[in-house]
Amino acid sequence: MKKILVALLCLGLLTGCQSEKTSTSQVKAENGDVVNIDFVGKLAGKAFQGGTAEGYILELGSKTFIDGFEEQIVDMKVGSEKTIEVTFPENYQSSELAGQKCEFDITLNKAYKETKEASQKGDIVKIDYVGKLKGEAFDGGSANGFLLELGSGQFVPGFEDQLMGLKATQTKEIDITFPSNYGSTTINGKTVSLANANVVFDVAVNHVYHEAK
């Protein structure tokens, strides 16, 4: 889902803010923060496929999305809403969206500030990791600059728990036993089951972010 959304947004042209709903919160998003947002993309008032997400974790200033998208979240207050307009290029791959002006309704749910303290449940960590089965890296088991909310249950059981208590720049080797109903992967072109497999992850914690309240 993330790849679809990034591909969709990266080819757009952000033209400006249309409206904003205020918030009583005093917490503002700043460049370099990590934010949790909901957004809905609309064409002619109707949501279009691939343009909607809830609880999307985004690092402001990372240029994950198109120029101007992240910049307009800066200074938004937690709990506020903003509507922006996006005009897609004439040569956009989707004929439905090519050359069309669309709206994105954005809600800022949370803002996380970078901290030097040890990570804890609920924090966001930005990590690099490489998973190895019997000493060999497997497809889908590696990433760089991945944003993970500790305690979200996004990864296999045991992975997130072992990252709690680490500080930025620290590394750790994590041992995980995959669930019995887990699927398969490939190593050197060969299909290998990960069900009940003992996997070692080499993890580097680059940054730790704590929710601002």
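In this structure a side-chain-to-backbone donor-acceptor pair under 3.5 Å is present from Lys172 to Gln162. Looking only at distances, a side-chain donor or acceptor of Glu70 sits under 3.5 Å from a matching main-chain atom of Lys63. Here the side chain of Ser119 pairs a donor or acceptor atom with the backbone of Leu163 at under 3.5 angstrom. Under the 3.5 Å distance criterion, the side-chain polar atoms of Thr185 are matched with a main-chain donor or acceptor of Asp139. Of the possible donor and acceptor atoms, one in the side chain of Glu160 sits under 3.5 Å from a partner among the backbone N and O of Ser152. Looking only at distances, no side-chain donor or acceptor of Asp202 sits under 3.5 Å from a matching main-chain atom of Glu173. Looking at Lys82, its side chain never comes within 3.5 Å of a backbone N or O of Met76 through a donor-acceptor pair.
Between the side chains of Ser180 and Asn196, no donor N or O sits under 3.5 Å from an acceptor N or O. Using modelled atom types and a 3.5 Å distance limit, the side chains of Asn206 and Asp128 yield a donor-acceptor pair.
In this structure, the ring of Phe201 has its center no less than 6.0 angstrom from the ring center of Phe155. Phe65 has its ring centre no less than 6.0 Å from the ring centre of Phe104.
For the atom pair OG1 (Thr107) and CD (Glu81), the distance works out to 4.0 Å, reported to the nearest 0.5 Å. Summarising the geometry, atom CD belonging to Glu103 is positioned 14.5 Å from atom NZ belonging to Lys46; distances are rounded to the nearest 0.5 Å.
When hydrophobic clusters are built by joining Ile, Leu, Val, Met, Phe, Trp and Tyr residues whose side-chain heavy atoms come closer than 4.5 Å, directly or via intermediates, Val130 is not grouped with Phe138. Cluster membership check: Ile84 shares its hydrophobic cluster with Leu43, using side-chain heavy-atom separations under 4.5 Å among Ile, Leu, Val, Met, Phe, Trp and Tyr. Side-chain heavy atoms closer than 4.5 Å link hydrophobic residues (I, L, V, M, F, W, Y) into clusters, and following such links, even through other members, never connects Val40 to Leu108.
Aromatic ring orientation, Tyr182 versus Phe178: perpendicular (interplanar angle above 60°, classes split at 30° and 60°).
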- Message: Determine whether Val125 and Leu166 satisfy the following criterion, side-chain contact (heavy atoms from CB on, under 4.5 Å), listing intermediate values before the conclusion.
- Response: CA-CA 9 Å; Val125 290; Leu166 296 182; over 6 Å; no
- Criterion side-chain contact (heavy atoms from CB on, under 4.5 Å) on Tyr129 and Ile174, from CA distance to verdict: CA-CA 10 Å; Tyr129 62 88; Ile174 294 177; over 6 Å; no
- Task: Decide yes or no on side-chain contact (heavy atoms from CB on, under 4.5 Å) for Val34 and Ile57, but give the supporting numbers first.
- Result: CA-CA 7 Å; Val34 169; Ile57 302 298; 3.5 Å; yes
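At a threshold of 4.5 Å between non-hydrogen side-chain atoms, the residues Lys28 and Lys77 count as touching. Counting heavy atoms from C-beta outward, Lys113 and His210 have side chains that stay 4.5 Å or more apart.
Closest non-hydrogen pair, Glu59 versus Tyr209, comes out as OE2-OH, 3.8 Å.
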